[in-house]
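Since the structure comes first, as structure tokens, the remarks are kept for the end.
Ligands are counted one by one from 1 in listed order, and the atoms in each one are counted from 1 as well.
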Amino acid sequence: MRRVRLRLVRGVEVEFVDREVALGQLREVAERGTRFPLVVYGPEGCGKTALLRQAVEVLREWGYSVVYVNPLGEVAERLVATDDLKDVVKRTWREVLGGVVNPAAPALVDLALAVVSRALKRGKKRIAILADDVFQAVGLDRVEQLVKSVLNFIEYPPADYDSVVAVVASSEGVTRSRVGRHDWASLRLMWNMSREGFEELYRAMPGPKPPFNEVWRWTGGNPRYLGKLYESGWDPAVVARDVAKGRGLWDFVKRLGAREVEWLRRAVEDPDALYDGEAPAALVEGLVEMNLVVRLWDRDPRGWVDAPPPERDLELGIGRHYAWQTPLHREAVKVALESSA
Ligand SMILES: Nc1ncnc2c1ncn2[C@@H]1O[C@H](COP(=O)(O)OP(=O)(O)O)[C@@H](O)[C@H]1O
Ligand SMILES: [Mg+2]
């Protein structure tokens with residue numbers, strides 16, 4: 001299997017590493033196709049985009065014609081297709097979008113769907129559509145539509161086919177409740193990387209660096225935060241402050257009542273505090289929506305892409321029912337709590 005090359009930080013490229021379980025799952029998916037579109041949800045920066053880019057390769061090797069769309073990605077990577085579709089993409093681009101060089105997000109998603117539809121009509125038997133970060137790009141309502149259109153392809157294809165694979169990735173906290181209440185998609189969670197895989201990326205970082213254990217404890221195996229930590233000169237306080245700033249955490253904490261602040265403190269100690277029936281619902285929802293914590297259902301491997309996180313690891317902020325996206329996210333909340341105390 002060819003491994004895609006990925007940019008970790010400016011000047012550092014690596015080959016796709018680890019995620020052996022996920023690659024095995026992908027091969028299974030390739031064999032059977034997806035009955036329902038798979039919606040993959042996981043912490044920001046855990047590696048969803050990397051996996052989808054690698055999935056293009058895996059599926060291609062299984063004889064699929066693949067369209068990957070990422071309206072928020074770098075311009076050259078917003079629409080990627082296997083060679084056999086290059087033609088279809090070009091023509092569809094011209095006919096559907098009038099050749100606009102840099103289409104807006106919704107148009108790009110429509111384009112990807114049109115390409116899939118035409119590919120089927122042209123007799124392609126194995127088709128995959130991988131839609132990355134479309135929730136952020138086109139909004140939840142349109143994604144509902146998108147997923148339903150994909151489901152329509154699967155159920156009522158415009159032409160005969162062998163198998164269709166549809167995957168949608170998102171790190172928006174609300175994806176879960178929004179998609180979960182319908183029965184037209186199967187939701188899968190993805191977590192940060194394994195220690196071994198993450199260590200390979202750590203080793204690829206140039207220059208002097210703190211011991212691996214420290215970096216692991218700060219990032220919890222999240223490769224994007226490895227990059228951010230590196231760019232900060234390995235200063236977790238800088239990264240935590242950036243997370244707090246980006247999410248307006250000082251204002252968020254300021255608006256909380258005394259009881260909510262108390263629960264937030266508990267959640268910093270142990271995220272499972274959020275599972276307590278007494279925990280204020282608005283606080284829990286806020287933390288999920290701000291992409292700070294993730295609700296974990298169970299560790300049944302069938303509900304996960306790649307391996308689920310450990311049952312409980314309080315040092316990394318992982319509880320049985322809830323987890324901080326990374327220890328740095330928890331640290332950001334701590335910082336906001338301290339400065340408002
Ligand atoms: N398995 C992997 N091998 C190598 N690099 C990875 C892997 N997973 C993620 N990365 C890198 O880590 C960073 C964050 O990953 P990304 O896929 O963008 O996260 P997400 O899409 O979940 O927000 C990117 O620079 C990406 O290239
Ligand atoms: Mg991504």
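In terms of protein heavy-atom proximity, atom 15 (O) of ligand 1 is nearest to G47 CA, 3.7 Å. Counting only heavy atoms of the protein, atom 10 (N) of ligand 1 lies nearest to A50 CB, 3.9 Å. When only non-hydrogen protein atoms are considered, atom 12 (O) of ligand 1 lies nearest to P223 CB, 3.2 Å. Of the protein's non-hydrogen atoms, V17 O, 2.8 Å is the one closest to atom 1 (N) of ligand 1. Looking from atom 18 (O) of ligand 1 to the surrounding protein, the closest heavy atom is R224 NH2, 2.8 Å. Shortest contact from atom 11 (C) of ligand 1 to any protein heavy atom: L8 CD1, 3.7 Å. What sits closest to atom 25 (O) of ligand 1 on the protein, heavy atoms only, is R7 O, 2.7 Å.
With ligand atoms numbered from 1 in the order given, ligand 1 contributes 17 (O), 18 (O), 20 (P), 21 (O) to contacts under 4.0 Å with heavy atoms of T49. Proximity to L6 (heavy-atom distance under 4.0 Å) selects the following atoms of ligand 1: 4 (C), 5 (N), 6 (C), 27 (O). Within ligand 1, counting atoms from 1 as listed, the ones closer than 4.0 Å to a heavy atom of V14 are 4 (C), 5 (N).
Heavy-atom neighbours of R266 CZ from other residues, nucleotides or ligands within 6.0 Å: above the threshold of 12. Heavy atoms of other residues, nucleotides or ligands lying less than 6.0 angstrom from CZ of R195 number more than 12.
For ligand 1, one of its N or O atoms has an N or O atom of G45 under 3.5 Å away.
Salt bridge E262/R259: absent, no basic N to carboxylate O contact under 4.0 Å.
Under 4.0 Å from ligand 1, the heavy atoms of L201 that appear belong solely to its side chain.
Residue contact annotation: N70 places no N/O/S atom under 2.8 Å from the Mg ion (ligand 2).
A donor and an acceptor atom, one from each side chain of N70 and R53, are nowhere located under 3.5 Å apart.
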Please step through salt bridge (Lys or Arg N to Asp or Glu O under 4.0 Å) for the pair D270 and R312, ending with a clear verdict. CA-CA 10 Å; D270 179 350; R312 233 166 108 74; 2.9 Å; yes
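Remark: K209 fails to qualify as a cation-pi partner of Y230 under the 6.0 Å distance and 45° angle criteria applied to the six-membered ring.
Note on ligand 1: E15 sits in its first shell, one or more heavy atoms being nearer than 4.0 Å.
No close placement of the W218 and Y225 rings is indicated, their centers lying 6.0 Å or farther apart.
Residues R247 and N291 meet the side-chain proximity criterion, which asks for heavy atoms closer than 4.5 Å.
Distance check: L201 CG to R224 CZ gives 13.0 Å after rounding to the nearest 0.5 Å.
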